[in-house]
Protein chains: 2
Amino acid sequence: MLKKLDPLLHSELRLAIMSLLISVNRADFKYLKEETESTAGNLSVQLTKLEEAGYIIVKKGFKGKMPQTVCSITKKGTEAFEKYVNDLKGYLNL
Amino acid sequence: MLKKLDPLLHSELRLAIMSLLISVNRADFKYLKEETESTAGNLSVQLTKLEEAGYIIVKKGFKGKMPQTVCSITKKGTEAFEKYVNDLKGYLNL
DNA sequence: ATAAAGTAGTTTATAATATAAACCAAAATT
DNA sequence: AATTTTGGTTTATATTATAAACTACTTTAT
């Protein structure tokens, strides 16, 4: 009945990141930091975890002269997110 | 936009406990352990946390000669659960 | 009647996770 | 040219979850 939730997604910040990336497709570090109201350190750590899991792609480049980190969601990430949402529904009586 | 999630409820086991108690109203330790497939130790710890928060009531008694712990959800717990579900919806694109 | 095994938990220790603090390199500002 | 700001990473610490060990008692088998 109650499905085991993907521990990588059952984290407030990582879930927020994925939720944002699902709707906007691409987002840079600054944007994610603002929208999630997280600290840079925490965001950095969680992006790395999502990247290592293959849920997102992280590209480092420059915007003008300033470094810029751009993130996007992968197919695997989208599927994992959708599965998580469905599994979670079992807990929420939706 | 993205609301801060109640950390007490954003835990797989505690959420499962609350979800079960919402639907059945009363449940004993054994039933919760079976349904959640948790270890007794983890369940014990999480029930105490929910009790301390005033989200559930834990009553210790006996069933025949064996000890029995019966749990039920409080009004505060029900309200917290409902708020959590609503806040979470913002993350899930539902 | 007693030893062994099972029930219903709690407590304590350890592993995993999240968060914050400290740091770094370069750019922009004063 | 010193200071502050930007855009991060790394490391340390606090929190949380999980597992292991223990308690107290009951039931069953010998």
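All values below come from the heavy atoms of this structure, side chains included, with hydrogens, waters and symmetry mates left out. Below, chain A is the first sequence line, B the second, and so on; all start at residue 1. All figures in this text were calculated on a predicted structure; none of them were measured in a lab.
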Q.
Quick check on DNA chain C: between A:G41 and A:H10, whose nearest nucleotide comes earlier from the 5' end?
A. A:H10

Q: Let me know the distance between NZ of A:K33 and P of C:dA20, rounded to the nearest Å.
A: 12 Å

Q. NZ of B:K49 versus P of D:dT16: gap in Å, rounded?
A. 6 Å

Q. Is the A:H10 ring parallel, tilted or perpendicular to the A:Y84 ring (thresholds 30°, 60°)?
A. tilted

When you measure from the side chain of [X], which nucleotide among [options] comes out closest?
{"X": "A:N42", "options": "D:dT6, C:dT19, D:dT10", "value": "C:dT19"}
{"X": "B:T39", "options": "D:dA19, C:dA27, D:dT10", "value": "D:dA19"}
{"X": "B:R14", "options": "C:dG9, D:dA19, D:dT16", "value": "D:dT16"}
{"X": "A:A40", "options": "C:dT11, D:dG8, D:dT11", "value": "D:dG8"}
{"X": "B:K60", "options": "C:dG9, D:dT26, C:dA28", "value": "C:dG9"}
{"X": "B:S44", "options": "D:dG7, C:dG9, C:dT10", "value": "C:dT10"}
{"X": "A:K30", "options": "D:dT18, D:dG7, C:dT19", "value": "D:dG7"}

Counting any heavy atom closer than 4.0 Å, what does [X] reach on the DNA or RNA strands: base, sugar-phosphate only, or nothing?
{"X": "B:Q46", "answer": "base"}
{"X": "B:T69", "answer": "sugar-phosphate"}
{"X": "A:S11", "answer": "sugar-phosphate"}
{"X": "B:S38", "answer": "nothing"}
{"X": "A:K63", "answer": "nothing"}

Q: Measure the spacing between CE of B:M18 and OH of B:Y55 and express it to the nearest 0.5 Å.
A: 7.0 Å

Q) Can you check whether A:K4 reaches B:E12 side chain to side chain, under 4.5 Å on heavy atoms? A) yes

Q: Using distance alone, with no hydrogens and no angle criterion, decide if A:N86 and A:E82 have a side-chain donor and acceptor under 3.5 Å apart.
A: no

(Q) Can a donor-acceptor pair be found, under 3.5 Å and without considering hydrogens, that links the side chain of B:S11 to the backbone of B:L8? (A) no

Q: Name the residue closer to the 5' end of DNA chain D, choosing between A:V45 and A:M66 according to the nucleotide with the nearest heavy atom.
A: A:M66

